[in-house]
Every structure is written in C-alpha cells, then in structure tokens.
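Inspection log for the structure reproduced underneath, given as structure tokens.
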Amino acid sequence: MTHRLSPVGLDFAESAPLRMVFAAELSAPPEAVYAALADDVGSWCVWFTGVSRITPTDGGKGRSVRLTGGTRFLESILAAERPEHYAYRVDETNAPGLRALLEDWRLTPAPGGTLVRWTFAADGPAPFRSLMQLSRPMLGRVFRDSMRQLDRRLVGV
C-alpha cells in the first residue's frame with residue numbers, strides 16, 4: 001500500500017527535522033556526474049547500491065524508483081540545474097513512517113574532479129527519526145560506495 005508524503009520544496013533540505021549530509025570527491029568532472037544523476041537515470045541501478053530499478057516518469061519531470069528490498073518511491077524532480085544542482089522529493093511510497101523526503105545533490109568543481117554533496121532530508125514520527133539516526137553510518141557507507149562505483153563508471157578509475 002502506498003501513501004502520499006508532504007509536498008515539500010527545496011527549502012526542506014535546510015529545514016527538515018532529520019538532515020544527513022554526506023560528501024565525496026570524484027575524479028569525474030561535474031558535467032559527467034550531473035549527466036549520470038539527471039540524464040542517465042536508468043544507470044542508477046548499476047552504480048547506486050540498493051537501487052534495483054529506476055525509470056523516468058512524466059516526461060522526465062519525475063522518477064519511479066524500486067529498491068532491492070521492495071521499497072518503492074514516486075518522485076518529482078524539483079531542481080535540474082546543469083551541472084551543479086539536482087534535487088527531487090518523494091511524493092508516494094510504500095515505506096512506513098515517512099512524512100516527507102527530499103534528496104538534494106550539489107556538485108562543485110574540485111581539483112581534479114567534483115565534490116559531490118548529498119543531503120538526505122526527511123520527516124517522520126520520533127521513532128522513525130531515531131531509527132534513521134542510527135542508520136546514518138550505513139547510509140554514509142552506501143553513499144561512499146556508490147560514489148566510488150559511479151566514479152569508476154565515469155572515468156574508469
């Protein structure tokens with residue numbers, strides 16, 4: 001059963017009750033990283049750990065995501081500013097406990113590549129927020145592993 005989440009805006013990345021920010025440096029240039037995030041949506045299942053299927057929806061204005069455990073998301077893209085900003089919010093999910101979820105990707109040039117900053121902004125009841133805080137190390141590891149896989153895919157490192 002799916003349920004609708006709050007239709008948060010970009011400001012939620014800074015104001016969410018639960019915010020987790022992760023960063024990694026990639027050898028690939030910002031344009032290549034942005035293209036992998038925003039243009040080659042179907043490739044996420046190759047490099048982002050836990051994503052089993054992802055397809056564009058609504059003429060590219062949204063995405064349908066399935067995780068390996070069966071969790072599903074319908075998302076709306078809120079920012080697509082090449083090559084530095086890509087963000088989307090979850091509109092519907094079958095995951096329990098979520099009230100709102102926004103993921104915000106910022107790409108900045110770095111010596112020899114790109115600094116990728118991923119903000120995971122969410123809201124849910126206190127038990128959900130506590131569980132997510134406990135999951136922070138695991139989510140950080142997933143992000144770092146995924147960024148390594150993406151970098152290898154983009155530059156063959």
Side-chain angles (χ1 to χ4, degrees), residues 5 10 12-14 16 18-98 100-122 124 128-129 131-157:
L5 303 186
L10 289 172
F12 192 67
E14 299 301 323
L18 173 68
R19 290 181 69 249
M20 292 188 262
V21 181
F22 304 97
E25 284 196 30
L26 278 65
S27 300
E31 183 61 42
V33 177
Y34 182 90
L37 291 172
D39 300 334
D40 192 11
V41 172
S43 74
W44 281 58
C45 57
V46 175
W47 58 265
F48 200 96
T49 305
V51 173
S52 64
R53 184 171 170 235
I54 183 168
T55 54
T57 61
D58 195 20
K61 296 177 187 172
R63 308 173 346 153
S64 174
V65 180
R66 182 178 209 96
L67 302 182
T68 52
T71 301
R72 295 183 313 273
F73 301 110
L74 288 178
E75 303 170 338
S76 290
I77 296 169
L78 301 182
E81 302 163 17
R82 184 177 304 276
E84 68 264 351
H85 187 203
Y86 186 65
Y88 45 88
R89 73 160 177 251
V90 174
D91 296 317
E92 293 182 29
T93 185
N94 64 343
L98 271 173
L101 176 59
L102 173 91
E103 295 184 39
D104 188 277
W105 296 80
R106 302 287 178 148
L107 312 176
T108 53
T114 305
L115 175 63
V116 178
R117 189 183 78 196
W118 176 49
T119 301
F120 180 93
F128 166 81
R129 291 192 313 267
L131 179 62
M132 288 306 299
Q133 287 291 4
L134 292 172
S135 300
R136 180 186 291 266
M138 186 260 325
L139 196 56
R141 189 169 39 259
V142 164
F143 171 75
R144 287 186 304 278
D145 290 348
S146 297
M147 292 299 96
R148 276 193 294 274
Q149 289 180 69
L150 176 60
D151 208 28
R152 280 189 213 111
R153 180 177 171 83
L154 295 176
V155 298
V157 176

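Between the side chains of R136 and Q133, at least one donor N or O lies within less than 3.5 Å of an accepting N or O. Between the side chains of W105 and Y34, no donor-acceptor pair is found at a separation under 3.5 Å.
Ring geometry for W118 versus F120: interplanar angle over 60°, hence perpendicular rather than tilted (30 to 60°).
Nearest heavy atoms, G70 versus N94: O-ND2, 3.1 Å. Across every non-hydrogen atom of Y86 and L37, the tightest pair is CE2-O, 3.5 Å. Nearest heavy atoms, V142 versus T49: CG1-O, 3.7 Å. Considering all non-hydrogen atoms of both residues, T71 and A95 come closest at CG2-CB, 3.8 Å. Considering every non-hydrogen atom in both A36 and L154, the closest pair reads CB-CD2, 4.3 Å. Here the closest heavy-atom approach between residue G140 and residue F22 is recorded as CA-CE2, 3.3 Å.
In this structure, the separation between CD on E84 and CD on E31 is 10.0 Å, given to the nearest 0.5 Å. Considering OG1 of T108 and CZ of R117, their distance stands at 8.0 Å, rounded to 0.5 Å. Remark: E103 CD to E75 CD distance equals 6.5 Å, nearest 0.5 Å. Interatomic distance, OG1 of T55 versus CZ of R66, reported as 11.0 Å (0.5 Å rounding). The CE atom of M138 lies 7.5 Å from the CZ atom of R141; values are rounded to the nearest 0.5 Å. The distance from atom CG of D151 to atom OG1 of T114, rounded to the nearest 0.5 Å, is 8.0 Å.
When the side chain to side chain donor-acceptor pair (under 3.5 Å) test is applied to R106, the partners found at least two apart in sequence or on another chain are H85, D104. Every residue two or more places apart in sequence or in another chain was checked for a ring-ring contact (aromatic ring centres under 6.0 Å, His included) with F12, and none qualifies.
Under the 3.5 Å distance criterion, the side-chain polar atoms of R153 are left unmatched by any main-chain donor or acceptor of Q149.
Counting only heavy atoms from C-beta outward, the side chains of F73 and L101 approach each other to under 4.5 Å. In this structure, R53 and C45 have side chains that are not in contact, with every pair of non-hydrogen atoms separated by 4.5 Å or more.
Look at E92 and R72 and you find no salt bridge, because none of the NZ, NE, NH1 or NH2 atoms lies under 4.0 Å from a carboxylate O. Comment: R148 engages D145 in a salt bridge, judged by a side-chain N to carboxylate O separation of less than 4.0 angstrom.
Just one residue in the list D91, T93, L74 forms a side chain to side chain contact (heavy atoms under 4.5 Å, CB included) with L5, and that residue is T93.
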